[in-house]
Amino acid sequence: MGISENAGLASIGHWIGGKVDGLSPQRSNEVFNPATGEVTGQVAMGTAADVDAAVQTSLAAFRKWADTPPIRRARVMFRFLELLNAHRDDLARCITREHGKVFTDAQGEVTRGIEIVEFACGIPQLLKSDFTDQVSTGIDNWTLRQPLGVVAGITPFNFPAMVPLWMFPLAIAAGNCFLLKPSPIDPSASLMMADLLQQAGLPDGVFNVVQGDKEAVDAILTHPEIKAVSFVGSTPIANYIYETGARHGKRVQALGGAKNHMVVMPDADLEQVADALIGAAYGSAGERCMAISVGVLVGDVADKLVPVLAERARTLKIKNGLELDAEMGPIVHAGALQRITGYIEQGIKEGATLVADGRDFDPKSAGEGCEEGFWLGGTLFDHVTPDMRIYQEEIFGPVLACVRVDTFADAVELINAHQYANGVSLFTRDGGVAREFGRRIEVGMVGVNVPIPVPMAWHGFGGWKSSLFGDCHAYGEEGVRFYTRQKSIMQRWPDSIAKGAEFAMPTAK
């Protein structure tokens, strides 16, 4: 699967042309188990030459794959779907070991990715075209949706299976060849999926993996034969991906950062709210682009809710993610831990009230061998104001900031003024308030009494403002449109063609 063992460490390479490559790279990065801090492997850092090798093998495979009938491409997806279901737990364990998220959360990640594969199995229906008989005398007009060629995905560490599965199943089912550049932090899931695709009967070269960092990314963005790039990550990088890719003539779909709010109205069921906020803020250690990181507490809600949240945050079951009763695992790597604790210090300095301090967490309580892991407990701030950095910026960790507002209108105004507009949630019993919220809020994905409103596979994922660069959301029908281009064909036959040249603009006759 592109992984070999050497002196107890895994050597993680590329997957190019249906086989392992790059196990003796010019450069490599260490891969860690976040729970223990242990180095578990070395991942190859791809070069422009590696990217070009992957592209060339894709170009060799493209025409035959594009000409394969959609129903046969769908059958490969069906077999891939069966293999993913059979190996769901293996993939989840791999994710937990390299990312740190708890095993049940990793299972959920794989399951949500599987749903995109299920959607991609319907590609014959999704590619059906429009046809108009007799648009003019003797002339018929129809449209086709055809694949682009070689397309690429650059994916983040926080969902090493699900986010790639947002991309490549639809791209491949539509007839493209796909190059995946996963995060070097947790690279092994990409190779497991490559192996399963091969077992499913996908021709060599249709799916390739190049591990790496910015060097590989820049090679993808500038390669003349890569026609489209999908990206999920932070807003500054999404902006860079979008501008660089577009400048080189590519379609770009770049999903950026988030600062997701949950508005809690005074009429909400506060027990349900506490459950929702704790899960949405601290699940996956807050390392989700749809995590709730701001509670917007309306009226007198804060006085009732904050003490409950503080107690729940302090008593989270924080353990090695492979422990089945774990509610939260470690931070993904040491650098992320340092960045998050820096934000906690910043929040204190700016005058927010630190109600629960995750820095007090004792790693020894996480389990045997966890003393050197990248641990942080649930952190809760109250009396946060919009001018503070912990409100304005994406922390991407288990830090929940509570902002107090007087009215529903204040809550809407607060959220609409933020630069990020990925996801938002409202908890209320009032249908009129919920309807107004859905219509007035300037955010791409909205939940009403749903804390993490990630759309299902056939709807599509994407935010607004600085949370999305490009015109198409991920997966769903917009994903099909992104990975295909429309061609319009008008046709007539000699018996219906009038004699004589026509110099006027053609019109229907």
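Starting from 1, each residue takes its place in the sequence as its number.
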Can you confirm whether M167 sits close enough to Y483 that some side-chain heavy atom of one is under 4.5 Å from a side-chain heavy atom of the other? yes
Please check this pair: side chain of N260 against backbone of A291, looking for a donor-acceptor N/O pair closer than 3.5 Å. yes
Testing the basics here: between S284 and R288, what is the closest heavy-atom pair and its distance to 0.1 Å? CB-NE, 3.5 Å
Distance flag, aromatic centroids of Y391 and H418, threshold under 6.0 Å: yes
When every non-hydrogen atom of A238 is compared with those of A254, the smallest separation belongs to O-CB, 3.5 Å
Do L376 and I340 have side-chain heavy atoms sitting under 4.5 Å apart? yes
Considering only NZ, NE, NH1 and NH2 on the basic side and carboxylate oxygens on the acidic side, decide whether R97 and D186 come within less than 4.0 Å. no
For Q419, is the CD atom crowded, meaning more than 12 foreign heavy atoms sit under 6.0 Å from it? yes
Output, in order, the C-alpha distance, side-chain angles, deciding distance and verdict of side chain to side chain donor-acceptor pair (under 3.5 Å) for T40 and N33. CA-CA 6 Å; T40 59; N33 179 335; over 6 Å; no
Shortest non-hydrogen separation from G329 to V102 and the atoms involved: N-CG1, 3.7 Å
Under 3.5 Å: donor-acceptor pair, side chain of W375, backbone of C370: yes
Would you call F103 and L324 a side-chain contact if the rule is heavy atoms closer than 4.5 Å? yes
Please step through side chain to side chain contact (heavy atoms under 4.5 Å, CB included) for the pair V217 and I241, ending with a clear verdict. CA-CA 9 Å; V217 168; I241 296 286; 3.6 Å; yes
K364 with D362: basic N within carboxylate O range, under 4.0 Å: no
Looking only at atom types and distance, does a side-chain atom of N320 sit under 3.5 Å from a main-chain N or O of L322, one as donor and one as acceptor? yes
For G212, does its backbone N or O pair with a side-chain atom of K181 as donor and acceptor, under 3.5 Å? yes
So how far is it from L277 CG to I292 CD1, rounded to the nearest 0.5 Å? 7.0 Å
Count the heavy atoms belonging to other residues, nucleotides or ligands that lie under 6.0 Å from CD of Q392, then report whether that count exceeds 12. yes
Are any side-chain N or O atoms of Q253 and backbone N or O atoms of H473, one a donor and one an acceptor, separated by less than 3.5 Å? yes
Strictly below 4.0 Å, N to O, side chains only: are D471 and R251 in salt-bridge contact? no
Can Q211 and L191 be said to form a side chain to side chain contact (heavy atoms under 4.5 Å, CB included), step by step? CA-CA 10 Å; Q211 312 287 355; L191 299 177; 3.7 Å; yes
Between Y475 and W166, is the ring centroid distance below 6.0 Å? yes
Anything under 30° is parallel, anything over 60° is perpendicular, the rest tilted; go ahead and classify F469 against Y242. tilted
Between T379 and D357 the two heavy atoms that sit nearest each other are OG1-C, 4.1 Å
Within the supplied structure, the quantity of interest is the number of heavy atoms (other residues, nucleotides, ligands) at a distance under 6.0 Å from R339 CZ; does it exceed 12? yes
Would you please test V405 and L297 for side chain to side chain contact (heavy atoms under 4.5 Å, CB included) and show each step? CA-CA 6 Å; V405 298; L297 311 183; over 6 Å; no
If you count every heavy atom of other residues, nucleotides or ligands that lies below 6.0 Å from E413 atom CD, does the total exceed 12? no
Do I12 and V31 have side-chain heavy atoms sitting under 4.5 Å apart? yes
So do the side chains of E350 and R389 get within less than 4.5 Å of each other, counting heavy atoms only? yes
With no hydrogens and no angle check, is any side-chain donor or acceptor of K259 less than 3.5 Å from a backbone partner on I390? yes
E98 and I185, any side-chain heavy atoms less than 4.5 Å apart: no
Rounded to the nearest 0.5 Å, how far apart are CD of E118 and CG of L81? 5.5 Å
Salt-bridge test for K101 and E109: reply yes if a basic N is under 4.0 Å from a carboxylate O, no otherwise. yes
What's the separation between atom CD1 in I114 and atom CG in L165, rounded to the nearest 0.5 Å? 8.0 Å
Quick one about Y420 and E394 (side-chain donor to acceptor, distance below 3.5 Å, no hydrogens or angles considered), yes or no? no
Backbone of G108 reached by a side-chain donor or acceptor of R88 within 3.5 Å: no
Keeping S467 on the side-chain end and G256 on the backbone end, is there a donor-acceptor pair under 3.5 Å? no
Hey, are the side chains of V301 and M265 touching, using non-hydrogen atoms and a 4.5 Å cut-off? no
Candidates V296, L270, L426 - the one meeting side-chain contact (heavy atoms from CB on, under 4.5 Å) with V264: L270
At what distance, to the nearest 0.5 angstrom, does CD1 of I123 lie from CZ of R145? 10.5 Å
Quick one: are I172 and F80 in side-chain contact, heavy atoms under 4.5 Å? no
Nearest atoms (heavy-atom pairs only) where P184 meets V43: O-CG1, 3.7 Å
In Å, rounded to the nearest 0.5 Å, how long is the span from CG of L255 to CZ of F231? 9.0 Å
Would you find more than 12 non-hydrogen atoms of other residues, nucleotides or ligands less than 6.0 Å from E477 atom CD? no
Check step by step if side chain to side chain contact (heavy atoms under 4.5 Å, CB included) holds for V424 and M262. CA-CA 6 Å; V424 69; M262 180 190 289; over 6 Å; no
Is the side chain of Y282 donor-acceptor paired with the backbone N or O of E327 at a distance under 3.5 Å, no angle test? no
Regarding D430 and T428, do their side chains bring together a donor and an acceptor under 3.5 Å, going by distance alone? no
Would you say H87's side chain and D90's backbone share a donor-acceptor pair under 3.5 angstrom? no
How long is the gap from CD1 on I95 to CG on D105, to the nearest 0.5 Å? 9.0 Å
Indicate the ring-plane relationship of F157 and F396, choosing parallel, tilted or perpendicular according to the 30° and 60° boundaries. perpendicular
Minimum heavy-atom distance between P455 and G460, given as atom pair plus value: CG-O, 3.1 Å
Checking salt bridge (Lys or Arg N to Asp or Glu O under 4.0 Å) for the pair E82/R79: CA distance, chi angles, key distance, verdict? CA-CA 5 Å; E82 291 172 348; R79 288 192 289 271; over 6 Å; no
